[in-house]
Every structure is written in C-alpha cells, then in structure tokens.
Peer 1: 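This is the structure I want to talk about, given as structure tokens.
Naming convention: chains lettered A, B, ... in sequence-line order (proteins, then strands); numbering from 1 in each chain. Quick caveat, the model's predicted, so the values are computed rather than measured.
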2 protein chains.
Amino acid sequence: MTQDNLDDAPVQAERFSQTRTAQSQALLEDYTEMIDDLIRAHGEARITDIARLMGVTHPTATKAVARLKREGLAVSRPYRGVFLTELGSGMAERVRGRHRLVVDLLLAVGVPPEAAENDAEGIEHYVSDATLTAFAAFLTRQP
Amino acid sequence: MTQDNLDDAPVQAERFSQTRTAQSQALLEDYTEMIDDLIRAHGEARITDIARLMGVTHPTATKAVARLKREGLAVSRPYRGVFLTELGSGMAERVRGRHRLVVDLLLAVGVPPEAAENDAEGIEHYVSDATLTAFAAFLTRQP
DNA sequence: ACAGAAATGTAGCCTCGGCTACATATCGGT
DNA sequence: ACCGATATGTAGCCGAGGCTACATTTCTGT
C-alpha cells in the first residue's frame, strides 16, 4: 500500500466505504443491546435509563429510539417503555455474542480486563464474520 | 453488566463517551495517514488523489483537509498539494505503527489476510495504548 | 385527590461528513 | 500562446447525532 496508491484506489476506497457503513450501524447496535440489557434486568427499557447508560441527554436517546423504530428494530408508545421487535432481539443477540467474543479474545492475548471492556465497545462494530470465526477458533485452540 | 445496569451507569456512559470521542478522531487519523502515504509515494498529496483513495468526492476531501488545517495537522495553499505539519507527521507515524500492529495481531490469531486488512481499518481507531502494549507483548511471545 | 416531582415529548440549534452543481484556476498538447 | 481537459474551490443541501429550553404527561406521597 505504501508504494502504488493509485492502483490500489478501488480497494482502498472500498475499505473506507465499508468502515463508514459499519459506523452508521454502530449506534443502532449499541442502543439495541442496551435496550435488551435493560429489558432483561427490569422488564422494560425507559428512555431515561437508556439515556443515562449511554451517557447522552434524553432527547438524544429519544431520537435514537425513533431511528430504531424507523428501522423496525424497536417499538414503543408515548410515555411507555421501549421494546425490541424480533428483528431487534436478533440483532441484540448477535451483538452480545460478538461483544463477548471480542472481549474474550482480547483477554486471551493478554489485554488487561478493564482495557478489554473499554476497547471492545469500539472494536466490536468493525469485526467481520471471517474475523469472528478466526477468534472463536483461536479461543478453542488456547483457552 | 447484565444484572445491575443502574449502578453501572457512570462506567457505561464513560465507555460510550470515549467511543464517541475516538470516532471523531478516526477521520482525522485516516486522512492524515493517507496524506502521509501519498507524500511518501509521490512527493505531494493532491485533493483528487486523497478523495479517490478515501472513496469520497473531492469537496468532501476538501472539507476534511480544512478540518486538518484547523487542527494544525496539515497545511496547504490553493491549487497546491496538501502537506503535513510536524504534528501531522507525528500522528501519521503513530497511526501507521498502530495499524501495522493491529494487522499483525489479527494475522497471528489466524484471521485471513484480506479480512485482517479490512477490519483493521475500522478497529485501529479504538485500540488503547494498554491494548497496544499487550498486542506487542503477545506478538513477541509467539511470532 | 391533588400538588409537586420526575419522566417523556417536542422544537430548534449546532457540527460533521456526505453529496451535487457550478465557478474558477491550472496544466498540457498542438 | 491558446484552448480544452483536468483539478480545485465554493455554495448549499441533507441526515445523523449531539445539545438546551420548554411543554406535557405520568407518578407518588400526603
């Protein structure tokens, strides 16, 4: 990549393009997982709790939930909690599994627990299925 | 995290907040590294080349460069190429090292080369120094 | 039952990072 | 030296995701 950038342009561009796509999915995934967590813990997901846990103000959380609803991941009625659709639950499950796998791999290669948790939050959204599979295989080889 | 979300709120929120900060840095890092690549290869970085390699239109690249200039990472004169300041070069160097380390680690745990390159592009921006250090140590142990 | 507290909704503003359309400058070949 | 091709600049639009300020609804304790 260092020598002939011009010929690599399509490859490179595609790479960055994919990264941008992943970025736009990241928020959806984070909120979906968060809502799933809250429902498991308290039977419902309130806007206020979502906002507090995400570290944003409540109008921001409301907007995010609106987007989730638009994308068919969540449902809610005014002044009532937020719930996930089947689509949303599926995503939450996948995201949760991926998150765990990433954390486990980081721990396995010697990353300190706190850093592993922190970094996984950012990393997990950019890990492809191929990489995920490799992670799982690695963890099986050396537990 | 699955049981008592409410008490974990500050920790969680801080995590997401950090991730958001990293996100806003990611673009700066990508452009900086790209410009550095182009300068190494052709002695200068033209807006058109930057745009093509990043997979965006040229006005988008122009805007990004404007931001780089604002942040003191790059300099440029109208209709002339873009160059990095010392600050920018430093960042490029660090980013380049981190990128290589991430790719190497992915390869070491068995991720296929193409996936490693693709995913590293997204992952690298979210890897903390602690994690980076752990990666380096791991690679030393098993090369 | 009702008043104050807390939760939620809504409006409107900001920045960022995309884009298209159009204007201007530079470059290169004859 | 010129003219067409190419590169760059600029204006203005859009959606996403932050925010504050304010309105409304729900909840809660007396």
Peer 1: What is the distance, to the nearest angstrom, from the CZ atom on A/R77 to the C1' atom on D/dT26?
Peer 2: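 Those two atoms, CZ and C1', are 13 Å apart.
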Peer 1: Of the listed nucleotides (C/dA25, C/dA7, C/dC19), which one gets closest to any side-chain atom of B/Y79?
Peer 2: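 Of C/dA25, C/dA7, C/dC19, C/dA25 is nearest to the side chain of B/Y79.
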Peer 1: Among the candidates D/dC13, D/dT10, C/dC16, find the nucleotide nearest to the side-chain atoms of B/K63.
Peer 2: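 For B/K63, the side-chain atoms sit closest to D/dC13.
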Peer 1: Of the listed nucleotides (C/dG18, D/dA7, C/dT8), which one gets closest to any side-chain atom of B/T48?
Peer 2: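 So the nucleotide nearest the side chain must be D/dA7.
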Peer 1: Can you give me the closest heavy-atom contact between B/V82 and B/S76, atom names plus distance?
Peer 2: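 Looking at all heavy atoms of both residues, the shortest contact is CA-CB, 4.0 Å.
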Peer 1: When the distance from CZ of A/R67 to P of C/dG9 is rounded to whole Å, what number comes out?
Peer 2: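 Atom-to-atom, A/R67 to C/dG9, this comes out as 18 Å.
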Peer 1: Please compare A/H58 and B/L28 by the position of their nearest nucleotide in DNA chain C and report the one closer to 5'.
Peer 2: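 Its nearest nucleotide being more 5', the pick is A/H58.
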Peer 1: Closest to the A/R80 side chain: D/dT26, C/dT10, C/dC27?
Peer 2: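 Output: D/dT26.
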Peer 1: Any ion pair linking B/E29 and B/R94 (charged N to carboxylate O, less than 4.0 Å)?
Peer 2: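 Between B/E29 and B/R94 there is no salt bridge, as every charged N stays at least 4.0 Å from the carboxylate O atoms.
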Peer 1: Nearest to the side chain of A/T57, which nucleotide is it out of D/dC19, C/dC16, D/dG18?
Peer 2: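 Shortest atom-to-atom distance from the side chain points to D/dC19.
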Peer 1: Among B/T32, B/I39, B/L38, B/D37, which one satisfies side chain to side chain contact (heavy atoms under 4.5 Å, CB included) with B/I35?
Peer 2: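 Passing option: B/I39.
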Peer 1: Both A/R46 and A/R20 contact DNA chain C. Which one's nearest nucleotide lies toward the 5' end?
Peer 2: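 On the 5' side of the pair lies A/R46.
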Peer 1: Looking at the side chain of B/P59, which of C/dT26, D/dT26, C/dA21 is the nearest nucleotide?
Peer 2: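 Looking only at side-chain atoms, B/P59 lies closest to C/dA21.
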Peer 1: If you find the nucleotide of DNA chain D closest to A/Y31 and the one closest to A/P78, which residue's nucleotide is nearer the 5' end?
Peer 2: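 Final value for this comparison: A/Y31.
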Peer 1: Are OP1 or OP2 of C/dT8 and a side-chain N or O of A/T62 less than 4.0 angstrom apart?
Peer 2: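 For C/dT8, neither OP1 nor OP2 has a side-chain N or O of A/T62 closer than 4.0 Å.
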Peer 1: Side chain of B/I47, heavy atoms from C-beta onward: which of D/dT8, D/dG18, C/dG18 has the nearest atom to it?
Peer 2: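 The listed nucleotide nearest to B/I47's side chain is D/dT8.
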Peer 1: Whole Å only: how far is the CG atom of A/D49 from the P atom of C/dT8?
Peer 2: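 After rounding, the reported distance stands at 7 Å.
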Peer 1: Which whole-number value in Å describes the distance from B/L27 CG to D/dG17 C1'?
Peer 2: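 Roughly 15 Å, once rounded to whole Å.
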Peer 1: Any side-chain N or O of B/R70 below 4.0 angstrom from OP1/OP2 of C/dC16?
Peer 2: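 For B/R70, the contact criterion (side-chain N or O under 4.0 Å from OP1 or OP2 of C/dC16) is met.
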Peer 1: Whole-Å distance between C/dG17 P and A/F16 CZ?
Peer 2: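 The distance from CZ of A/F16 to P of C/dG17 comes to 14 Å, rounded to the nearest Å.
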Peer 1: To the nearest Å, how far apart are B/L53 CG and D/dA7 P?
Peer 2: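 Rounding to the nearest Å, CG of B/L53 and P of D/dA7 are 13 Å apart.
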Peer 1: Please evaluate residues A/D30 and A/E124 with respect to the criterion side chain to side chain contact (heavy atoms under 4.5 Å, CB included), reporting the C-alpha separation (whole Å), side-chain torsions for both, the decisive distance (0.1 Å), and the verdict.
Peer 2: CA-CA 10 Å; A/D30 283 338; A/E124 57 175 4; 3.8 Å; yes
Peer 1: Nearest-Å distance, CD (B/Q23) to P (D/dG17)?
Peer 2: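 Taking CD of B/Q23 and P of D/dG17, I get 9 Å after rounding.
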Peer 1: To the nearest angstrom, how far is A/L38 atom CG from C/dA7 atom P?
Peer 2: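 Atom CG in A/L38 sits about 14 Å away from atom P in C/dA7.
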Peer 1: Is the count of non-hydrogen atoms from other residues, nucleotides or ligands lying under 6.0 Å from B/E14 atom CD greater than 12?
Peer 2: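 Counting neighbours around CD of B/E14, more than 12 heavy atoms of other residues, nucleotides or ligands fall under 6.0 Å, so yes.
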